[in-house]
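Notes follow once the structure below has been shown.
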Amino acid sequence: MKTIMVEQGFEIKAVRVEMKDGTYEVRCALYYKGEKLGIMQTPMSKLDKNIYKLRNFRDTVSYPMLSNVLAEIEDKYNELDIIHQVNGVGWQYNKDGALVGFAGAKYLDCNGLVVEREPIDLPLKAEGMRFDTVKKINDYSAGNIKRQVLLAVGLSAPICGLLNENLVTALVGKTSIGKTISENLFKSLYAHVSNRTEFDFDDTENYITQSLIGNKGVFVAIDDTSLADKKDFDAFVYRLANGTERGRMRRDSQLSDRGSWATSIMVSAEKSILFDGKPALQGKFRRMIELDVYQGDLFDSAEQAEMIKELSQDNNGEIAYDFVSYILRNRLVSSLKELLKSEVQSIRAVANSEDALLNALCYKIGIITLTAKWANESIGFAFDVEGIRDCLLNICEENVRLAREITNDTAVFKKVYGEFYSDISKGSDESKVTVDAETFKETSKKYYSILKVTKDKDWKHLLVEHGCFVGVPGERVGGVRCYTLKRLEDENNA
């Protein structure tokens with residue numbers, strides 16, 4: 001900022017701020033004996049009135065001094081330094097779409113250098129230091145590929161922002177195994193965990209998407225999806241991955257501009273999101289990678305979980321900016337797409353599959369493995385990149401295989417249904433059997449997990465789809481709700 005005037009211990013500095021729409025405002029800062037008292041920002045057209053608001057910070061600032069400051073700024077307006085207004089978190093662009101920096105708990109310029117900015121310019125806060133953070137994270141993740149995968153996912157947000165892509169991952173496991181502590185570790189790479197970059201379904205969907213708008217490269221966690229309605233949540237996953245809010249109608253009957261985001265988003269749940277209901281191969285499967293975690297996957301002990309919790313609280317807001325600085329210093333922004341293309345091609349070569357869905361998921365895997373490579377080079381992490389690649393390929397291959405078996409009329413369903421029919425008919429040789437609703441429900445529960453469906457209505461939907469019922473499912477017989485089922489090989493007996 002340029003010093004405009006010094007008088008009686010007061011100093012006033014000013015700078016021009018380029019707004020997102022290409023217009024400029026003037027920012028004035030008031031100091032007294034070296035201590036900053038406050039900041040005022042205003043359009044130049046209103047400076048003659050708003051300059052006097054600096055008295056709100058110290059009423060002993062004289063009116064004549066402020067009048068002289070106004071005249072000085074008007075006279076030397078074109079000589080003032082120019083900074084860009086911060087818009088959202090992550091990558092920053094000017095009105096022409098040119099990259100001008102990265103903003104979070106720090107502000108980095110296009111050369112990867114930290115630029116001192118006013119607190120109002122920093123959308124996130126950091127309170128910690130970097131002291132031995134890298135060593136502790138390397139010790140924590142050593143020999144555990146799943147932890148390395150999740151750390152790379154958390155750190156991939158800046159790459160997603162540059163690509164204008166959203167990497168949506170689901171972390172699925174029982175409560176109390178450390179999912180929230182892990183997510184806080186990933187958040188702490190960017191800022192103190194108290195910053196609101198984590199949501200749950202106590203928050204409304206609209207609040208979450210509104211909070212995501214403008215995020216171009218800072219990790220986000222969405223916790224406790226058990227609170228979400230399944231049907232609505234499926235649609236919400238699509239919006240998360242597509243990176244746009246719902247369209248809204250303005251008063252003039254025109255559709256308003258939709259806010260957007262591009263980052264790494266992790267949702268946690270106690271049960272499968274991909275397999276909750278009939279899998280949609282062109283829907284959730286193409287948009288999300290799901291990782292199951294079990295006891296011991298995230299933490300070896302309660303003591304280790306507590307160590308990571310303390311690390312997230314105390315040593316935060318440093319690591320991600322080293323990663324971003326590396327990208328900028330090495331001029332990787334312009335070559336990112338080509339480097340990612342090469343990465344994806346190598347992953348597809350390892351997968352050696354003609355499955356279109358798996359090949360599409362290789363693109364998301366490529367984002368994660370490229371992140372891991374650059375994290376090793378820029379931060380000093382010790383990621384096993386090939387191990388991360390193989391782990392993710394195995395997970396995606398298995399999920400795609402299961403999904404295709406479930407969604408198609410395959411021998412797998414018929415085999416499972418054969419076991420179910422034998423169970424519910426108690427081994428009867430009859431071609432059809434009628435049971436009451438309670439027996440049907442209790443017997444069905446044994447087969448939900450086999451076909452990766454978790455709700456009674458989804459199970460019934462599969463049975464209807466495969467023609468397993470005789471008559472109307474659930475119709476009352478003598479006042480009792482009943483289900484009549486048949487052997488699939490005896491369809492002509494219906």
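Every value quoted in this text rests on a predicted model; they were computed, and no experiment measured them.
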request  = Without swapping roles, check the side chain of Asn138 against the backbone of Gly380 for a donor-acceptor pair under 3.5 Å.
outcome  = yes
query = Is any NZ, NE, NH1 or NH2 atom of the basic residue among Arg147 and Asp300 found under 4.0 Å from an Asp or Glu carboxylate oxygen of the other?
reply = yes
message = The criterion is side chain to side chain contact (heavy atoms under 4.5 Å, CB included); which residues satisfy it with Glu318, sequence neighbours excluded?
response = Lys106, Arg130
query = Under the side chain to side chain donor-acceptor pair (under 3.5 Å) test, which residues partner Tyr93, sequence neighbours left out?
reply = none
inquiry  = Tell me every residue that passes salt bridge (Lys or Arg N to Asp or Glu O under 4.0 Å) with Arg16, counting only those two or more places apart in sequence or in another chain.
reply    = none
ask   = Can you name the closest pair of heavy atoms from Val100 and Tyr107 and give their distance?
value = O-OH, 3.7 Å
ask   = side chain to side chain contact (heavy atoms under 4.5 Å, CB included) between Asn330 and Trp374: does it pass, once the steps are laid out?
value = CA-CA 11 Å; Asn330 289 279; Trp374 290 359; over 6 Å; no
query = In Å and rounded to the nearest 0.5 Å, what is the OG1 to CD1 distance from Thr169 to Ile395?
reply = 10.5 Å
ask   = Side-chain donor-acceptor pair under 3.5 Å between Arg331 and Asn111, yes or no?
value = yes
remark   = Taking every heavy atom of Ala152 against every heavy atom of Phe383, the minimum-distance pair comes out as N-CZ, 4.2 Å
ask   = How about Ser188 and Asn316: does a side-chain donor come under 3.5 Å of a side-chain acceptor?
value = no
query = What pair of heavy atoms forms the shortest contact from Met40 to Ile51, and how long is it?
reply = CE-CA, 3.9 Å
note = Contacts of Asn87 meeting side chain to side chain contact (heavy atoms under 4.5 Å, CB included) (sequence neighbours excluded), chain-then-number -> Lys20, Gln85, Gln92
query = Counting N and O atoms only, with roles assigned by atom type, does the side chain of Trp91 sit under 3.5 Å from a partner on the main chain of Pro158, one being a donor and the other an acceptor?
reply = yes
query = What are the two closest heavy atoms between Asp292 and Lys146, and how far apart are they?
reply = O-NZ, 2.7 Å
task = Would you tell me whether Ser312 and Asn184 have side-chain atoms, one donor and one acceptor, within less than 3.5 Å of each other?
result = no
Salt bridge (Lys or Arg N to Asp or Glu O under 4.0 Å) partners for Lys135, two or more places apart = Asp139
key: Rounded distance (nearest 0.5 Å) linking atom CG of Leu150 with atom CG of Leu155   = 12.5 Å
inquiry  = Do Ile308 and Tyr140 make a side-chain contact, defined as non-hydrogen atoms from C-beta onward lying under 4.5 Å apart?
reply    = yes
request  = Compare all side-chain heavy atoms of His84 with those of Val17 and state whether any distance is below 4.5 angstrom.
outcome  = no
inquiry  = Would Phe299 and Ser182 count as a side chain to side chain contact (heavy atoms under 4.5 Å, CB included) here? Give the steps.
reply    = CA-CA 9 Å; Phe299 300 104; Ser182 296; 3.6 Å; yes
ask   = Which residues pass the side chain to side chain contact (heavy atoms under 4.5 Å, CB included) test with Ser378, sequence neighbours left out?
value = Phe323, Tyr326
query = Can you tell me if Glu290 and Ser272 form a side-chain donor-acceptor pair at under 3.5 Å?
reply = yes
message = I'd like to check Val172 versus Glu270 (side-chain heavy atoms, cut-off strictly below 4.5 Å). Are they in contact?
response = no
request  = Look at Glu343 together with Lys373 and state whether they make a salt bridge at an N to O cut-off of under 4.0 Å.
outcome  = yes
Please output the side-chain donor-acceptor pairs of residues 70-82 that fall under 3.5 Å, not counting sequence neighbours, one pair per line with the distance.
unit_1 : atom_1 : unit_2 : atom_2 : d
Glu72  : OE2    : Lys76  : NZ     : 2.9

query = Is there side-chain contact between Ile4 and Lys13, with heavy atoms separated by less than 4.5 Å?
reply = no
inquiry  = Would Val15 and Lys2 count as a side chain to side chain contact (heavy atoms under 4.5 Å, CB included) here? Give the steps.
reply    = CA-CA 6 Å; Val15 67; Lys2 181 180 180 65; over 6 Å; no
query = Ala105: what forms a side chain to side chain contact (heavy atoms under 4.5 Å, CB included) with it, not counting sequence neighbours?
reply = Leu124, Ala126, Ala191, Tyr321
request  = Go through the steps to decide whether Asn394 and Arg389 satisfy the test side chain to side chain donor-acceptor pair (under 3.5 Å), and finish with yes or no.
outcome  = CA-CA 9 Å; Asn394 289 336; Arg389 176 201 66 200; over 6 Å; no
task = Supply the atom-to-atom distance Asn376 CG to Thr371 OG1, rounded to the nearest 0.5 angstrom.
result = 11.0 Å
ask   = Is there a side-chain contact between Tyr363 and Leu163, using heavy atoms and a 4.5 Å cut-off?
value = yes
key: Lys187 NZ to Thr180 OG1 distance, which is reported to the nearest 0.5 Å   = 9.5 Å
Criterion side chain to side chain contact (heavy atoms under 4.5 Å, CB included) on Leu357 and Phe285, from CA distance to verdict = CA-CA 8 Å; Leu357 179 54; Phe285 273 80; 3.9 Å; yes
ask   = Should the heavy atoms of other residues, nucleotides or ligands under 6.0 Å from NZ of Lys36 be counted, would the total exceed 12?
value = yes
query = Is any side-chain heavy atom of Thr244 less than 4.5 Å from a side-chain heavy atom of Leu212?
reply = no
message = Please check this pair: side chain of Ser264 against backbone of Ala157, looking for a donor-acceptor N/O pair closer than 3.5 Å.
response = no
query = Is the backbone of Gly88 close enough, under 3.5 Å, to the side chain of Lys216 for a donor and an acceptor to pair up by distance?
reply = no
inquiry  = Could you check whether any side-chain heavy atom of Ile347 comes within less than 4.5 Å of a side-chain heavy atom of Thr369, counting everything from C-beta outward?
reply    = yes
query = With a 4.5 Å limit on heavy-atom distance, are the side chains of Trp261 and Val89 in contact?
reply = no
key: side-chain hydrogen bond (donor to acceptor under 3.5 Å, both in side chains): pairs with one or both residues in residues 345-359, sequence neighbours excluded   = Asp355-Arg404
message = Tell me if a side-chain donor or acceptor on Asn166 pairs with a main-chain N or O of Thr263 at a distance below 3.5 Å.
response = yes
message = Could you work out, with salt bridge (Lys or Arg N to Asp or Glu O under 4.0 Å) as the rule, every residue matching Lys46, not counting sequence neighbours?
response = none
remark   = Taken in chain and number order and not counting sequence neighbours, the residues that satisfy salt bridge (Lys or Arg N to Asp or Glu O under 4.0 Å) with Asp121 are Arg27, Arg117
query = How many angstroms lie between atom CG of Asp132 and atom CG of Asn315, to the nearest 0.5 angstrom?
reply = 6.0 Å
inquiry  = Does the plane of the ring in Tyr32 sit parallel, tilted or perpendicular to the ring in Phe10? Use 30° and 60° as the thresholds.
reply    = tilted
Show every donor-acceptor pair shorter than 3.5 Å between a side-chain atom in residues 61-68 and any protein atom, with sequence neighbours excluded, or say none if there are none.
unit_1 : atom_1 : unit_2 : atom_2 : d
Ser62  : OG     : Met65  : N      : 3.1
Tyr63  : OH     : Arg55  : NE     : 3.3
Ser67  : OG     : Tyr52  : OH     : 2.9
Ser67  : OG     : Tyr63  : O      : 3.1
Asn68  : ND2    : Pro64  : O      : 3.3

Within 6.0 angstrom of Glu398 CD, more than 12 heavy atoms from elsewhere = yes
Leu167 versus Ser156, closest heavy-atom pair with distance = CD2-OG, 3.4 Å
Straight-line distance of Ile145 CD1 to Asp297 CG, nearest 0.5 Å = 12.0 Å
key: Lys284 side chain to Ile273 backbone, donor-acceptor under 3.5 Å   = yes
